[in-house]
Amino acid sequence: MDQSLFNEICLRQLTLSRVHEGETVAVLTRGAERLDYADAFLWAAQKLGASSFHLRIPSPASASGAWAVGDSGLGSNPLAVQALESADMLVDCTFLLFSKEQFAIQAAGTRILTAVEPPELLARLMPTVELRERVEVAAELLTKASVMRITSPAGTDVMYQLGRYPTMSEYGYTDTPGRWDHWPAAFVFTGGTDDGVDGTIVLSPGDILLPFNTYVQTPVTLTVEQGFIRGIRGGLDAELLSSYIKSFGDPRGYGMSHVGWGLDERAHWHGLTQFGGGMGMELRSFYGNVMFSIGPNNELGGPNDTACHFDIPMRGNSLYLDDELIVDQGELTVPEMRPAGRR
Ligand SMILES: [Fe+2]
């Protein structure tokens with residue numbers, strides 16, 4: 001993307017995030033990655049009259065190749081963390097999520113926006129106030145629920161006991177002190193109680209395995225008991241999933257993590273065909289997907305901080321909150337969650 005266009009979309013982002021005169025915006029990058037992002041955000045912050053700085057940390061000394069979450073590269077760098085804690089807003093172009101350092105920075109009152117997806121996707125899924133409002137309607141419903149049930153024509157039937165963990169919303173910008181968001185995003189989630197997820201999940205062709213960034217080709221049957229996956233059966237996709245989780249050597253890699261649904265009608269289910277190398281935010285956000293996740297729940301305040309993490313958006317599933325149908329085979333039932341043209 002042309003840098004001046006990139007500048008403009010970052011200006012729209014920071015405007016939505018209510019950056020203003022008197023504030024300080026920090027931009028974090030790692031190694032040689034996303035230096036153009038830093039330029040665009042610094043330009044935008046300046047345009048809005050805020051102070052800004054760019055903090056660049058080195059690339060990791062050794063890269064494992066696996067998507068191990070939680071290692072921010074800031075663990076041995078307290079001065080850098082201090083600098084970020086002192087900013088009003090941090091634009092994270094490195095993916096700090098699940099790290100101790102991200103939680104410390106948020107606890108200091110700094111709001112954090114992660115921006116790591118390709119610029120073309122940032123532009124196409126530019127957040128809006130209208131989308132935020134719809135996401136917040138969904139979050140309110142989820143907050144009140146005590147049980148979630150997910151079913152599918154392929155045979156999924158799983159129950160999550162709720163209430164232990166907070167409901168989180170992601171709508172792609174953040175104007176609230178201490179709050180984190182990810183650009184682009186449009187979904188809500190919470191987590192089941194640690195031993196309160198039971199049932200069967202059948203992944204169907206077209207469901208998405210992140211971070212493999214692949215579409216499931218053959219059905220995978222997951223047996224879940226008391227919050228942990230006890231069985232993974234099926235063909236090649238099941239074997240790949242099993243082999244990957246096993247490689248972490250951590251039984252907590254089988255834990256059930258966050259669960260919720262997506263709301264952005266502009267996000268495409270087929271998005272991986274265009275941005276196969278991205279983080280998959282388009283897939284997490286597409287309208288009516290039901291996404292569950294495997295691995296850490298420390299993001300929600302839980303005890304599991306395993307580095308093995310999957311997000312699995314599924315098509316055509318139904319989701320109930322306390323027996324009320326909320327997602328009906330991929331269609332949102334509540335008019336206030338739908339885009340204006342679909343009410
Ligand atoms: Fe996740």
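As the structure lists them, so they are numbered: ligands from 1, and atoms in each ligand from 1. All values derive from a computational prediction rather than experimental measurement.
Shown here are the ring-ring contact (aromatic ring centres under 6.0 Å, His included) partners of Phe212, two or more places apart in sequence or in another chain: Tyr244, Phe310. In this structure Arg56 satisfies the salt bridge (Lys or Arg N to Asp or Glu O under 4.0 Å) test with no other residue, sequence neighbours excluded.
Checked against the Fe ion (ligand 1), the N, O or S atom of His258 at the shortest distance is NE2. Taking the N/O/S atoms of Asp311 in turn, the shortest distance to the Fe ion (ligand 1) belongs to OD1.
A salt bridge between Glu136 and Arg132 is present, with a side-chain N of the basic residue lying under 4.0 Å from a carboxylate O of the acidic one.
A distance-only check finds no donor-acceptor pair linking the side chain of Arg164 to the backbone of Gly196 [under 3.5 Å].
Distance check for Glu299 against the Fe ion (ligand 1): none of its N/O/S atoms falls below 2.8 Å.
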